[in-house]
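Below is one structure; the comments refer to it alone.
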2 protein chains.
Amino acid sequence: MAPRAASKTAESSDKVGVICRALRRAIIEQALEPGAKLPEDSLGERFGVSRTIARHALGQLAAEGLVELRRNRIAVVATPSWQEARDAFDIRIELERLVVRQLAGKLTKNQIAELTAHVDAEDRARDGSDAVSIRLATEFHILLAHMTNSPILVRYVSEVAYRCCLTLSLYSRPHSSECAINEHRAIIAALVKGDEAKVMGLMHSHLDSVANRALVAPAPQRGRDLLEILAPYAEERDGGRVVKLSKVVRAR
Amino acid sequence: MAPRAASKTAESSDKVGVICRALRRAIIEQALEPGAKLPEDSLGERFGVSRTIARHALGQLAAEGLVELRRNRIAVVATPSWQEARDAFDIRIELERLVVRQLAGKLTKNQIAELTAHVDAEDRARDGSDAVSIRLATEFHILLAHMTNSPILVRYVSEVAYRCCLTLSLYSRPHSSECAINEHRAIIAALVKGDEAKVMGLMHSHLDSVANRALVAPAPQRGRDLLEILAPYAEERDGGRVVKLSKVVRAR
DNA sequence: GACGCCTGAATTGCATGCAATTTGACGGCC
DNA sequence: GGCCGTCAAATTGCATGCAATTCAGGCGTC
């Protein structure tokens, strides 16, 4: 397989690209949880570059929605709201339907082998950490997108898939990505068979079920967004005295 | 209406955002044609900032696909291939179907008024320059996207719409955006009526016809990408002698 | 006359430095 | 004991400087 020459859009300058890829991976594997701080010079030091480069990388990731950039404040890993997560999945469904529509019946033998190999790898990773499973599942979809040979589609699918991955780590209960592997196999089979409508339906229900398994409750379970979670309790009383929020706000 | 606080994803640092917006607008109004050079310090000087900022802005625009960034070379306005243009439209169709699906029957009075006012402005701009007409037509779609209140959708629709706009300037013959105004009115009407299927169909055929009016021939008519255009002729002979391409390459 | 090389000017790649802002912690006050 | 103002440390915002690369034009050669 060709060493997929630096995804072209940006991050071409390599140094920036390396940092972007590393951070993306760290984020989707949850080594960096949503809300984690990303100071420019720590990053620069870690990767052996100056702040200028680290800053540029953060800019790119912010454009992708993985990182939140606040003026004069330390950048943090993004914490998408539940609604944003839902929106991301809606978009993802449409984009990936487009992918499989373009791919149905048009896969080469090599591509089929590559996809199968990937799903096999997913299978083998079942026993490993959840983080790796989730990353592999995401990469399956990105691999599909690559096969369309449409750089734009690749970029959007990748972005939105990463975003979804990030939200999964926020809102889903553990082990929610288990049974996805069979669905991946079914999609490959339908692609090979060339049944456009069928494979679009499969992809739709696959993503829909991933989303539904994950986004059951509108209220986050492991919330970092304390302020938002506690908003309804702001006026709550604690033994007759109004509880001040300042302490909680500090804790943020 | 709230002054829609700086599109949030990036370009928040204002200075970068200002340059991005200015360049985007210049590009879609064709003040900057595809292939136009964008040297960092000229930009910086023009906007009264240092190269650092100009560079950052170029990075953002590159991520959006409006600018091409080649290592150690002057950045240029992107010149999407015909295939990329087609892909962009395909994606755009799906995204905008999603927009109107979410919006059907849910518009407030204010929003309806805003949309109507915008189309009226498009009407008034008919006599003006083509560039302005095209920009307004594009902004109609972005305005719709904003009304979904989904930042992700806004970002993707904006991006892909700008990209399409850029390709229109490359491949379309003049005056191809004329009759779109009535289609915009029809879409508003269907949105108000709340007929989801109808409005999705309308949006689909609207964009499809824009694309088809523009992207009729796979071969660009006003090509800037000389190298690509001339590739088939590379071995062509000119009166018995092989024509060297170096001169043409220089002209790029 | 056209091609190719070679050199100065232009331009980018990146690091660093300084000013401005935020952070968070300490001490005083109610 | 908890709240608020003040101040040093940490951090970002941005400009500038230097090295490396590319670009453009002139010269010599075929």
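Every chain is numbered from 1 and lettered A, B, ... according to where its sequence line falls, protein lines coming before strand lines.
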task = Quickly work out the Arg70(A) CZ to dG13(D) P distance and round it to whole Å.
result = 11 Å
request  = Kindly point out which of dT11(D), dC14(C), dG13(D) is positioned nearest to the side chain of Glu40(A)?
outcome  = dG13(D)
request  = Round to the nearest Å and state the distance from Lys15(A) atom NZ to dA20(D) atom C1'.
outcome  = 12 Å
remark   = When rounded to whole Å, the CZ to P distance for the pair Arg55(B) and dT16(D) reads 16 Å
ask   = Are Glu68(B) and Arg73(B) within salt-bridge range, i.e. N to O under 4.0 Å?
value = no
inquiry  = Heavy-atom nearest nucleotide on DNA chain D for Leu58(A) versus Thr52(A): which residue maps closer to 5'?
reply    = Leu58(A)
message = Side chain of Asp41(A) only, heavy atoms from C-beta on: which candidate in dT12(D), dC14(D), dG17(D) is closest?
response = dT12(D)
message = Looking only at side-chain N and O atoms, does His141(B) offer a donor or acceptor that is under 3.5 Å from a partner on Glu96(B)?
response = yes
remark   = Taken to the nearest whole Å, CG/Leu43(B) to C1'/dT11(C) is 13 Å
query = Separation of Asn72(A) atom CG from dA19(C) atom P, in whole Å?
reply = 16 Å
remark   = Taken to the nearest whole Å, CZ/Arg73(A) to P/dA9(D) is 22 Å
task = On DNA chain C, check which nucleotide each of Ile74(A) and Gly48(A) is closest to and give me the residue with the more 5' one.
result = Gly48(A)
task = Starting at atom NE2 of His56(A), determine the distance to atom C1' of dT12(D), rounded to an integer number of angstrom.
result = 17 Å
ask   = Can you check whether Phe89(B) reaches Thr167(B) side chain to side chain, under 4.5 Å on heavy atoms?
value = yes
message = What I want to check is whether an N or O donor and acceptor connect the side chain of Arg51(A) with the base of dG17(C) at under 3.5 Å.
response = yes
Separation of dT21(D) P from Arg71(B) CZ (nearest whole Å) = 9 Å
task = Tell me yes or no: between the side chains of Asn110(A) and Glu114(A), is some donor less than 3.5 Å from an acceptor?
result = no
